[in-house]
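Side chains are part of it too, since the values below use all heavy atoms of this structure and drop only hydrogens, waters and symmetry mates. Note that this is a predicted model, so its numbers are computed, not measured. Each chain gets a letter, A, B and so on, in the order the sequences are listed, and its residues count up from 1.
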Amino acid sequence: MTVTRFPPSPTGDLHIGGARTALYSWLYARQNDGKFILRIEDTDLERNSKQSVDAIIDGMNWLGLDYDEGPIFQTDRFDRYKAVIQQLLDEGKAYRCDCTTEELEAVREQQRANKEKPKYNGKCRERHDVSVEGSVIRFKNPLEGDVVIHDRVKGDIVINNRELDDLILARPNGVPTYNLTVVVDDMDMQMTHVIRGDDHINNTPRQINLFLALGAKLPEFAHVPMILGDDGKRLSKRHGAVGVMQYRDDGFIPQALLNYLLRLGWSHEEQEIFSREEMIDLFKLENVNVAASTFNTKKLIWVNEQYIKTLAAEELAEHLEWHLDNQKLDISNGPAITDVIEAHRDRAKTLKELASNIRYYYEDFSEYDEKAAKKNFKTATPGILQNLLDKFKQVNDWNPESIESVIQATCEELELGMGKVGPPLRVAVTGTAMSPSLDVTLNLVGKERSLKRLEKAVAFATAKYAES
RNA sequence: GUCCCCAUCGUCUAGUGGUUAGGACACCGCCCUUUCACGGCGGUAACCGGGGUUCGAGUCCCCGUGGGGACGCCA
């Protein structure tokens, strides 16, 4: 069975880069009816935090990347790691080293000065007199020969063992380190595919050597390229949104973000929008691009718009709920939210924007948009609005058609074009210069509210005209 | 510095020896229009450089150059 995993270290939020490798791993598992595991790599006791664990899980949930096992915490598996390390020690595949950090740094300094790659010099490799107290345990990496990674996206990568050094498996306090725990876990969890960022390519040959030393079956490796910020540098906090949840706050639909992330560095013919099912069905590791790609918010926004335009109104309403709540907009007193969504979905780039665009259906406004009022409330306005108001009062069946016919009637009676009547009416009823077509807008605002606002606008415009 | 990875429009990409180098985002123009949008139509814009291989290279090889990554008792 196919088994993949996503193994973040809990030192921060779930980032865009992490979200994408999680997505790829998840897709691969789902596509092959396999298992997707969430593993928390929390062996750096200093830096990891409970909040980060929660943030990562929140992010995974929001994105809908469900896992079949986990979260598994490496800190719960220390006994197992210790046993493996002991086994390596017993078999002479690992050794104790008591070199001090100062010593190590001096060696590296020297190597750098000699224009060499800094690495451990193997001083303790053949010693047998190192005391347990205060010493680390190192892996005896092979000294010669090549390690070949048969990478599913990059192709074969060859690294000579001379480039590698004896990595530390356990700190003096016995806490195991990353490369050891990853290998033990991937071995124990029978990982078939390791899909991760290509910043890990350098770790892979070391891990392969460890797998080999443990007599374990090698998983397949797939290193996906990094995501860069628009300055060409690796994506980081400086490039705007930190965690994935920031995108929720900014009004993105999780599926849209997933869609964007999928297409960033992967493609299928000329398709841009993929449903969840299509993603699972069509994703191929071999189609993942080999080069790093730049994150582009404008395209993400475009993808988001596509989802806002096409998702079922009910589903959109669910996603919108958080934003309504966040913007303190109570929609219990007003038109059905799905109707409002239908009227506004072509006009919003984000859910955040959508939420703020629809306030006037549910709440009265106290002020007109300054520019809109200035531009559209003229000396003739009170008369026009009063004419509309009188006719609207007579309408019993409040619907788009009846509203439209009133507007037409006013235009004819006053011998004015739609361009003279529509804009002031819009400002009067919505307080803004933008809304869907007037028949739809007034219908949603409702008769009672519309009349009240028209009365207020007549008064406002009259007073304003009287001033000058 | 050493090792590894990479290189097609500004950005995401298609392209696997013969194409007018295609699509998408963005940008610009036109149309639609009571506003804001949507939409429709059209346009600008790319094979990093140099050597090979070949009848023929964006595509294969080599060398540069440029970018990214790694070089931790971080993961």
Side-chain angles (χ1 to χ4, degrees), chain A residues 7-11 41-44 46-48 74 97 99-101 104-105 108 111-120 135-138 149 151 154-155 157-160 162-165 167-173 175-179 181-182 196-205 223 225-226 228 230 232-234 260 263-273 289-303 305 309 344-349 357 372 375-376 407 411 417-427 430 432-439 441:
Chain A
S9 62
T11 52
E41 311 216 318
D42 55 351
T43 52
D44 186 347
E46 312 285 297
R47 263 183 283 194
N48 64 54
Q74 291 191 321
C97 164
C99 293
T100 63
T101 44
L104 262 18
E105 194 40 56
R108 282 194 279 260
Q111 288 162 331
R112 261 188 270 264
N114 295 345
K115 305 194 172 202
E116 286 167 10
K117 185 176 188 170
K119 57 181 197 185
Y120 180 59
S135 62
V136 301
I137 298 167
R138 287 183 184 272
I149 308 170
D151 196 274
K154 303 254 184 190
I157 300 169
V158 183
I159 294 96
N160 194 283
R162 281 188 295 268
E163 299 299 329
L164 276 24
D165 63 1
L167 68 276
I168 290 174
L169 302 175
R171 303 168 169 99
N173 62 3
V175 174
T177 60
Y178 168 74
N179 280 298
T181 58
V182 166
R196 54 169 43 151
D198 68 7
D199 51 333
H200 281 286
I201 283 185
N202 298 278
N203 288 319
T204 304
H223 291 94
M226 316 240 72
L228 275 21
D230 39 26
K233 297 271 187 267
R234 187 179 173 160
Y260 175 74
R263 271 290 284 109
L264 188 63
W266 176 89
S267 63
H268 174 73
E269 296 174 354
E270 291 185 345
Q271 192 169 345
E272 293 289 346
I273 303 299
N289 205 43
V290 288
S293 37
T294 306
F295 190 84
N296 183 247
T297 307
K298 285 193 171 159
K299 182 129 188 194
L300 202 212
I301 289 173
W302 177 80
V303 174
E305 283 182 81
K309 267 189 279 203
H344 279 265
R345 67 194 319 164
D346 284 347
R347 278 161 243 269
K349 295 183 193 309
N357 284 349
K375 187 176 172 200
N376 299 301
I407 297 171
C411 285
M418 188 61 162
K420 295 276 184 233
V421 177
L425 173 57
R426 172 170 287 108
V427 180
T430 68
T432 74
M434 45 185 134
S435 86
S437 68
L438 287 163
D439 53 344
T441 305

How does each nucleotide of nucleotides 23-28 of chain B score, in 5' to 3' order, for protein heavy atoms under 4.0 Å: base (B), sugar-phosphate only (S), or none (-)?
BBSS--
With sequence neighbours left out, what residues match [X] under side chain to side chain contact (heavy atoms under 4.5 Å, CB included)?
{"X": "A:Thr101", "result": "none"}
{"X": "A:Pro423", "result": "A:Asn376"}
{"X": "A:Lys375", "result": "none"}

Nucleotide [N], atom [atom2] - distance to [atom1] of [X] in whole Å:
{"X": "A:Ile159", "N": "B:C3", "atom1": "CD1", "atom2": "P", "value": "13 Å"}
{"X": "A:Ile201", "N": "B:C3", "atom1": "CD1", "atom2": "P", "value": "16 Å"}
{"X": "A:Glu269", "N": "B:A14", "atom1": "CD", "atom2": "C1'", "value": "10 Å"}
{"X": "A:Arg162", "N": "B:C4", "atom1": "CZ", "atom2": "P", "value": "12 Å"}
{"X": "A:His223", "N": "B:C3", "atom1": "NE2", "atom2": "P", "value": "20 Å"}
{"X": "A:Asn357", "N": "B:C38", "atom1": "CG", "atom2": "P", "value": "13 Å"}
{"X": "A:Glu116", "N": "B:U2", "atom1": "CD", "atom2": "P", "value": "11 Å"}
{"X": "A:Gln111", "N": "B:G72", "atom1": "CD", "atom2": "P", "value": "9 Å"}

Output one line per pair: protein atom, nucleotide atom from nucleotides 64-71 of chain B, and distance, for all N/O pairs under 3.5 Å.
from: B:G68; atom 1: OP1; to: A:Lys233; atom 2: NZ; distance (Å): 2.3
from: B:G69; atom 1: O3'; to: A:Arg234; atom 2: NH1; distance (Å): 3.3
from: B:G69; atom 1: N2; to: A:Asn202; atom 2: OD1; distance (Å): 3.4
from: B:A70; atom 1: OP1; to: A:Arg234; atom 2: NH1; distance (Å): 2.8
from: B:A70; atom 1: O4'; to: A:Asn202; atom 2: ND2; distance (Å): 3.0
from: B:C71; atom 1: O2'; to: A:Pro118; atom 2: O; distance (Å): 2.5

Quick one: side-chain hydrogen bond (donor to acceptor under 3.5 Å, both in side chains) partners of [X], sequence neighbours excluded?
{"X": "A:Gln271", "answer": "A:Glu278"}
{"X": "A:Arg171", "answer": "none"}
{"X": "A:Asn203", "answer": "A:His200"}
{"X": "A:Thr204", "answer": "A:Arg196, A:His223"}

Quick one: do the A:Arg47 and A:Thr11 side chains pair a donor with an acceptor below 3.5 Å?
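Side chains of A:Arg47 and A:Thr11: no pair found under 3.5 Å.
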Atom [atom1], compared across [N] and [M]: separation rounded to whole Å:
{"N": "B:G39", "M": "B:C32", "atom1": "C1'", "answer": "8 Å"}
{"N": "B:G51", "M": "B:A57", "atom1": "C1'", "answer": "14 Å"}
{"N": "B:A46", "M": "B:A7", "atom1": "C1'", "answer": "12 Å"}
{"N": "B:A26", "M": "B:U44", "atom1": "C1'", "answer": "12 Å"}
{"N": "B:U59", "M": "B:G50", "atom1": "P", "answer": "12 Å"}
{"N": "B:U16", "M": "B:A21", "atom1": "C1'", "answer": "14 Å"}
{"N": "B:U8", "M": "B:G40", "atom1": "C1'", "answer": "29 Å"}
{"N": "B:C27", "M": "B:U35", "atom1": "C1'", "answer": "24 Å"}

Does some side-chain heavy atom of [Y] sit less than 4.5 Å from a side-chain heavy atom of [X]?
{"X": "A:Asn296", "Y": "A:Tyr260", "result": "yes"}
{"X": "A:Leu228", "Y": "A:Met226", "result": "yes"}
{"X": "A:Val427", "Y": "A:Leu425", "result": "no"}

Strictly distance-based, threshold 3.5 Å: is any side-chain N or O of A:Asn48 a donor or acceptor partner for the main-chain N or O of A:Asp42?
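Pair found, side chain donor or acceptor close to backbone of A:Asp42.
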Mind checking [X] for me? I need base, sugar-phosphate or nothing, with any heavy atom below 4.0 Å counting as a touch.
{"X": "A:Val290", "result": "sugar-phosphate"}
{"X": "A:Thr294", "result": "sugar-phosphate"}
{"X": "A:Cys99", "result": "base"}

Below 4.0 angstrom from OP1 or OP2 of B:C73, is there any side-chain N or O of A:Thr101?
no
A:Ser293 side chain near B:U13 phosphate (N/O to OP1/OP2, under 4.0 Å)
yes
Starting at CZ of A:Arg263, measure out to CG of A:Asn289 and round the result to the nearest 0.5 Å.
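A:Arg263 atom CZ to A:Asn289 atom CG measures 10.0 Å (nearest 0.5 Å).
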Atom NZ in A:Lys349, atom NZ in A:Lys309: separation rounded to 0.5 Å?
9.0 Å
Name the orientation of the base relative to the sugar in B:C71: syn if the glycosidic angle is within 90° of 0, else anti.
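Base orientation relative to the sugar is anti.
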Non-neighbouring partners of A:Arg347 that pass salt bridge (charged side-chain N to carboxylate O under 4.0 Å, His left out), sequence neighbours left out:
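Testing A:Arg347 for salt bridge (charged side-chain N to carboxylate O under 4.0 Å, His left out), a comparison that skips the adjacent residues, returns none.
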Across all strands, who's sitting opposite [N] as a Watson-Crick or G-U wobble pair, both distances under 3.5 Å?
{"N": "B:C41", "value": "B:G29"}
{"N": "B:U34", "value": "none"}
{"N": "B:U19", "value": "none"}
{"N": "B:C47", "value": "none"}
{"N": "B:A7", "value": "B:U65"}

Step through the shown structure and confirm whether more than 12 heavy atoms of other residues, nucleotides or ligands are within 6.0 Å of NZ on A:Lys420.
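Open: at most 12 neighbouring heavy atoms sit under 6.0 Å from NZ of A:Lys420.
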Considering heavy-atom distances to RNA chain B, does A:Gly265 or A:Asn114 have its closest nucleotide positioned more toward the 5' end?
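Its nearest nucleotide being more 5', the pick is A:Asn114.
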What pairs of nitrogen or oxygen atoms, one from the protein and one from nucleotides 43-49 of chain B, lie under 3.5 Å apart?
none

Return the polar atom pairs (N/O with N/O) between nucleotides 30-35 of chain B and the protein under 3.5 Å, or none.
from: B:U34; atom 1: O2; to: A:Arg426; atom 2: NH1; distance (Å): 3.0
from: B:U34; atom 1: O2; to: A:Arg426; atom 2: NH2; distance (Å): 3.2
from: B:U35; atom 1: O2'; to: A:Ala433; atom 2: O; distance (Å): 2.6
from: B:U35; atom 1: N1; to: A:Arg426; atom 2: NH1; distance (Å): 3.2
from: B:U35; atom 1: O2; to: A:Arg426; atom 2: NE; distance (Å): 3.3
from: B:U35; atom 1: O2; to: A:Ala433; atom 2: O; distance (Å): 3.2
from: B:U35; atom 1: O2; to: A:Ser435; atom 2: N; distance (Å): 2.9
from: B:U35; atom 1: O2; to: A:Ser435; atom 2: O; distance (Å): 3.2
from: B:U35; atom 1: N3; to: A:Arg426; atom 2: NH2; distance (Å): 3.1
from: B:U35; atom 1: N3; to: A:Ser435; atom 2: O; distance (Å): 2.4
from: B:U35; atom 1: O4; to: A:Ser435; atom 2: O; distance (Å): 3.4
from: B:U35; atom 1: O4; to: A:Ser437; atom 2: N; distance (Å): 3.3

